[in-house]
Amino acid sequence: MSQRSRSREKTKRLFQRVIQGTLKPPEELTVSQWAERFRVLDGASNLKGRWSNDVTPYLVGIMDSLNDPDIRKIFFCKASQIGGTEALINMLCYIIHRSPAPTMIVYPNDDLAKDISNDKLKPAFRLVPEIKRIFSENASKELRLKFKTMTLYLRGSGSPSKLASKEIKYLFFDEIDKMGGATQKEASPYNLALERTKTYRPQEKVYACSTPTVKTNYIWELHEGADEVRHYFVKCPHCGEWIELLFKQIRFDEDENKAMSAYERAQTAQYVCQECGCVIEDSDKPRMLREGQWRAVKKRGVGKPRSVGFWLPSLYSVFLKWSDVAEEFLNSKDDPERLQNFTNSWLAEAWEDTQLKTTEELVMERQTDLEEFIAPSWAKLLTAGVDVQETSLYYTIRAFGDYTTSQCVTHGQALSFGEIERVMNGEFKTEDGRVMVVCLALIDSGFQADDTYDFCIDNADWALPCKGSSSPMASRYKISKVDKTDSRAYGTQLVIVDGDKFKDSIASRMRRKNGRGSWMVHKGCDKEYAWQVTAEHKTYVRAGGGTRRLKWTPKHSHAANHYLDCEVYAMAAAEMLGVRRLHLEAEEAHEKKANKGASEPYAPEESWIRQNDDWI
């Protein structure tokens with residue numbers, strides 16, 4: 001082959017490679033895959049170098065939500081320093097490189113936007129060659145970064161006119177809870193910016209991340225109001241069960257003698273698996289996180305979600321030990337301002353200005369000297385409450401006496417209605433030897449209504465179905481009727497309970513020292529019961545028309561309150577049996593006896609007859 005022919009052949013092959021490279025579709029990558037291939041962290045990060053998803057594996061599901069065609073809004077409610085901003089930068093770089101379109105990031109103010117532009121975004125763009133080539137840095141300004149394929153706008157939330165001036169496809173909010181709210185003249189910055197995505201619907205994408213502040217602020221309302229709320233689950237290395245990492249499972253020395261410092265107590269901290277009770281070490285966490293997965297804990301509607309809320313506390317940070325979390329709590333618990341920061345920045349929970357609050361420590365202070373299953377000598381009646389759940393039934397049995405003085409005799413979980421029947425039909429001895437049985441039990445019918453109704457019909461001498469009222473009532477409870485025509489219980493009594501009113505009573509009496517009128521528990525009461533009984537607090541919530549009203553709400557989004565419901569039903573049952581009149585009846589009987597003795601003439605033969613009934 002001649003030199004000319006070889007030259008033509010080389011030119012032909014080169015031309016073919018160029019054509020193939022030009023026409024070949026780009027490799028499909030998710031945001032997390034793109035980040036591992038292209039993202040480089042600069043010297044400002046404590047993990048300088050190539051991005052690795054193994055360090056913060058929980059961010060993978062959040063970042064890849066951008067690639068889901070059905071998801072249009074992503075909300076990340078998080079602890080501080082957990083990676084929300086880095087996830088935003090990864091999404092942003094992916095858009096610039098693989099899916100260019102007009103994009104806006106909204107910050108609390110212009111100054112912060114400028115700092116982020118200079119200190120985080122520009123350095124990140126320079127370290128990715130594929131982005132650096134298309135970044136027109138000389139033509140850019142601090143709040144308008146230009147690329148050959150798109151423009152990125154940075155805005156402070158305090159400039160309504162700037163928020164409303166651009167058509168955008170991708171909208172990001174960083175630390176959205178630090179933005180201002182709506183004014184009388186303008187809608188909220190969030191809604192103003194959201195209007196800019198109309199042109200691109202339904203392909204627009206919105207991402208908002210923030211450490212929460214209060215429940216009525218942006219991120220908590222957006223996260224809780226999403227079509228689907230997801231929490232990160234990990235496998236216990238001992239039992240293999242999927243669990244959430246929860247603060248209440250971090251156990252440390254109680255230090256009853258007050259001899260240890262917060263640091264010393266924190267060094268005893270351990271995480272105890274809520275399923276098997278085994279200790280999970282700090283060294284177990286990295287592998288657990290890598291194998292973890294996001295799971296839906298709350299869903300609205302049917303079909304695929306269009307908005308998703310992700311929630312993550314600092315317990316999932318690979319950079320923190322259990323002792324770090326415990327020490328921060330111990331240093332914060334007695335200072336409301338520091339406690340709010342711990343709640344927001346470490347637990348990723350919204351802070352609430354509570355009007356009435358109870359704690360598990362308060363429950364433990366209400367322990368008496370009586371062991372479980374023993375009723376106090378002053379007890380005049382026993383009532384019970386049962387909360388029906390999908391996998392088990394929670395119950396509590398409480399003794400009541402004069403002045404609504406009460407004490408928990410026992411509580412627990414049952415696996416079936418048959419087991420509940422055996423517990424409720426058991427005999428309980430008082431400390432002075434009397435035998436007592438449960439007079440009335442109210443059983444929640446909100447979940448398994450038909451099974452509850454049938455059980456109450458079969459045990460009508462001591463059991464009644466009940467249901468919590470969905471709105472405030474004039475009275476604490478009222479008697480209704482079962483209206484299911486196909487039920488055996490049709491027409492029988494159904495007790496409607498105003499739970500908030502009874503929770504007020506429980507909280508008030510719990511705060512009294514043990515004695516007359518107090519709400520007490522037996523000796524050796526377990527902490528899970530104490531945690532659940534105090535899982536709610538009374539705070540202001542927004543009702544219809546924007547008005548605020550006081551309501552009992554869960555302290556935490558994942559808080560179990562089954563024993564609290566049981567105690568509400570037990571107190572409602574006691575009121576139905578006239579517990580408020582017990583001391584009056586005793587006084588009336590004593591007064592009647594005294595009057596009778598004073599008014600009747602002395603008749604010695606009557607005394608002799610009473611002592612000798614068989615004289616005839």
Side-chain angles (χ1 to χ4, degrees), residues 358 360-386 394-412 423-442 461-464 476-477 495 497 501-526 529-530 533-534 563-597:
T358 55
E360 55 268 32
E361 289 82 10
L362 190 59
V363 174
M364 303 308 284
E365 290 175 9
R366 295 285 77 80
Q367 293 179 88
T368 68
D369 294 331
L370 287 182
E371 300 286 348
E372 187 177 9
F373 306 114
I374 304 297
S377 58
W378 46 258
K380 292 187 175 181
L381 56 90
L382 296 184
T383 65
V386 180
Y394 290 79
Y395 65 86
T396 184
I397 296 177
R398 181 161 285 271
F400 283 89
D402 292 345
Y403 304 100
T404 320
T405 308
S406 71
Q407 179 178 318
C408 178
V409 176
T410 185
H411 62 268
V423 171
M424 297 301 162
N425 283 323
E427 293 183 344
F428 297 88
K429 284 191 175 181
T430 64
E431 55 184 323
D432 55 0
R434 290 180 294 121
V435 175
M436 301 184 73
V437 295
V438 172
C439 301
L440 177 62
L442 294 187
D461 54 326
W462 58 266
L464 279 176
R476 293 160 67 88
Y477 71 89
V495 185
V497 178
K501 286 186 172 63
F502 284 103
K503 289 170 187 175
D504 285 345
S505 294
I506 291 171
S508 174
R509 293 179 181 279
M510 189 187 297
R511 296 162 80 90
R512 299 185 187 183
K513 291 184 178 180
N514 286 7
R516 191 174 85 169
S518 181
W519 182 98
M520 296 172 281
V521 297
H522 59 75
K523 182 180 179 181
C525 175
D526 60 273
Y529 167 84
V533 164
T534 58
Y563 284 129
L564 176 58
D565 288 341
C566 291
E567 291 291 358
V568 165
Y569 302 148
M571 182 169 278
E575 289 208 3
M576 291 179 66
L577 296 178
V579 69
R580 288 171 176 264
R581 288 191 53 81
L582 287 179
H583 70 286
L584 297 176
E585 291 172 358
E587 291 172 2
E588 289 171 359
H590 180 74
E591 185 177 345
K592 186 176 181 180
K593 184 177 180 180
N595 291 338
K596 182 178 180 180

Hey, what do you get for [atom1] ([X]) to [atom2] ([Y]), rounding to the nearest 0.5 Å?
X    : Y    : atom1 : atom2 : answer
R366 : K513 : CZ    : NZ    : 8.5 Å
E365 : M510 : CD    : CE    : 11.0 Å
E575 : L440 : CD    : CG    : 12.0 Å
L362 : R512 : CG    : CZ    : 13.0 Å
L370 : Q407 : CG    : CD    : 5.0 Å

Going by side-chain contact (heavy atoms from CB on, under 4.5 Å), V438 matches just one of I397, N425, V423. Which one?
I397
side-chain contact (heavy atoms from CB on, under 4.5 Å) test vs F428 passes for just one of V409, V437, V435, I374, namely V409
For [Y], does its backbone N or O pair with a side-chain atom of [X] as donor and acceptor, under 3.5 Å?
X    : Y    : answer
R580 : A574 : no
R434 : S377 : yes
Q367 : C525 : yes
T430 : A375 : no
R398 : E567 : no
T534 : A530 : yes

Nearest heavy-atom neighbours spanning [X] and [Y]:
X    : Y    : value
Y563 : Y395 : CE2-O, 3.7 Å
Y529 : D526 : N-OD2, 2.9 Å
M571 : R509 : CE-CD, 4.4 Å
G401 : L582 : O-CD1, 3.7 Å
A573 : A384 : CB-O, 4.3 Å
A572 : L442 : CB-CD1, 3.7 Å

Pi-cation contact, W378 with R516 (under 6.0 Å, within 45°):
no
T358 and V533: CA distance, side-chain angles, deciding distance, side chain to side chain contact (heavy atoms under 4.5 Å, CB included) verdict
CA-CA 9 Å; T358 55; V533 164; over 6 Å; no
Give the intermediate values and the outcome of side chain to side chain contact (heavy atoms under 4.5 Å, CB included) for residues H522 and H411.
CA-CA 10 Å; H522 59 75; H411 62 268; 3.5 Å; yes
How about CG on D432, more than 12 heavy atoms from neighbouring residues, nucleotides or ligands closer than 6.0 Å, or not?
yes
Apply the test side chain to side chain contact (heavy atoms under 4.5 Å, CB included) to residues V568 and I506: give CA-CA distance (whole Å), side-chain angles for both, the deciding distance (0.1 Å), then the verdict.
CA-CA 8 Å; V568 165; I506 291 171; 4.1 Å; yes
Are T405 and M520 close enough, and set up right, to give a side chain to side chain contact (heavy atoms under 4.5 Å, CB included), and what steps lead you there?
CA-CA 8 Å; T405 308; M520 296 172 281; 3.6 Å; yes
